[in-house]
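For reference, the structure is listed below as structure tokens.
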Amino acid sequence: MSTPSTAPDRIRRAWLPPLSAPALTALALTAVAVVVTAGPAQAHGDTLNVVITGQRAGHVTADVTWENDGDAVEEAVAATVNAVSPDGTRTQGPWKLVRDPGRAAGWTTAETLPPGTWTVTIEAGFPSLGHAHKEVGVPVSDPPVSAASPGPASPGPASPAPASPAPASPTPPAVDAAAPPASSVPPASSASADPAPGGANTGWWTTAGVAGIAQLGAAAGILLRRARRR
């Protein structure tokens with residue numbers, strides 16, 4: 001004879017359907033994960049202390065710690081960064097926070113803020129809630145020389161037109177170094193036409209002498225023929 005079921009038993013059967021072995025295993029793993037994740041948060045507290053420390057070369061910098069004990073957050077922090085200009089006409093973000101190497105509690109942004117004054121807001125949602133709000137100024141810096149785009153080259157001074165070559169001067173005839181100057185050699189015609197002084201007298205005496213010798217020879221011949229005849 002069966003025992004009649006009571007009302008509480010009927011309610012349990014309606015709200016707790018039978019679970020298979022894989023479903024029970026998945027449920028157990030989920031419970032363990034929740035306990036492991038909630039353990040550190042329970043030890044440090046349930047609130048993050050987010051402090052905006054400023055900027056470095058336009059990158060927003062911040063420190064994220066646990067509010068209860070001030071320990072650095074070792075887990076990944078899910079937070080968004082937004083910035084707005086004072087007049088509200090320009091906005092930057094949302095960006096995410098990334099680890100700042102060399103600082104245990106340091107976080108920064110991969111993106112950079114343009115020069116100017118910005119009101120920066122950080123909202124953290126994991127591993128716990130946190131909020132920060134601060135005005136950050138980014139100074140104007142000169143761009144590096146290697147990144148500066150070269151300006152248009154200024155036109156250099158116009159090069160002068162090539163000068164037309166001067167006409168070649170006639171080459172003077174070669175002068176024989178051994179020959180005497182032309183002015184020192186009298187022309188042959190002038191030598192024959194203008195005899196040196198005393199030249200005429202010398203020719204006259206020579207002619208007269210030759211004629212006298214001829215006459216003496218002729219006279220000697222006549223005398224010699226006469227002598228033979230006798």
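Numbers here are sequence positions counted from 1.
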Nearest heavy-atom pair of [X] and [Y]: which atoms, and what distance?
X: Gly54; Y: Val136; answer: C-CG1, 4.2 Å
X: Ile52; Y: His133; answer: CD1-N, 4.0 Å
X: Ala124; Y: Ala79; answer: CA-CB, 3.7 Å
X: Arg90; Y: Trp118; answer: O-CZ3, 3.8 Å
X: Pro94; Y: Thr80; answer: CB-CB, 4.4 Å
X: Ala62; Y: Arg103; answer: O-NH1, 4.1 Å

For side-chain contact (heavy atoms from CB on, under 4.5 Å), just list the numbers for Asp100 and Arg56, CA-CA rounded to whole Å, side-chain angles, deciding distance to a tenth of an Å, and then say yes or no.
CA-CA 11 Å; Asp100 192 359; Arg56 183 175 62 249; 3.0 Å; yes
Once rounded to the nearest 0.5 Å, what's the spacing between atom [atom1] of [X] and atom [atom2] of [Y]?
X: Glu75; Y: Trp66; atom1: CD; atom2: CH2; value: 5.5 Å
X: Asn49; Y: Asn68; atom1: CG; atom2: CG; value: 10.0 Å
X: Leu48; Y: Leu129; atom1: CG; atom2: CG; value: 7.5 Å
X: Lys134; Y: Thr53; atom1: NZ; atom2: OG1; value: 7.0 Å

Measuring only between side-chain heavy atoms, which start at C-beta, is Gln55 closer than 4.5 Å to Pro139?
yes
List the steps, then state whether side-chain contact (heavy atoms from CB on, under 4.5 Å) holds for Val81 with Val120.
CA-CA 7 Å; Val81 182; Val120 179; 3.8 Å; yes
Just by modelled atom types, is the Asp46 backbone N or O under 3.5 Å from a matching donor or acceptor in the Ser128 side chain?
yes
In residues 104-114, what donor-acceptor pairs under 3.5 Å come from side-chain atoms, sequence neighbours left out?
from	atom 1	to	atom 2	distance (Å)
Thr108	OG1	Val60	O	2.8
Thr109	OG1	Val60	N	3.2
Thr109	OG1	Glu111	O	2.9

Let's go through Val77 and Phe126 carefully: what are the C-alpha distance in whole Å and the side-chain angles of both, what is the deciding distance for side-chain contact (heavy atoms from CB on, under 4.5 Å) to 0.1 Å, and is it a yes or a no?
CA-CA 6 Å; Val77 174; Phe126 183 85; over 6 Å; no
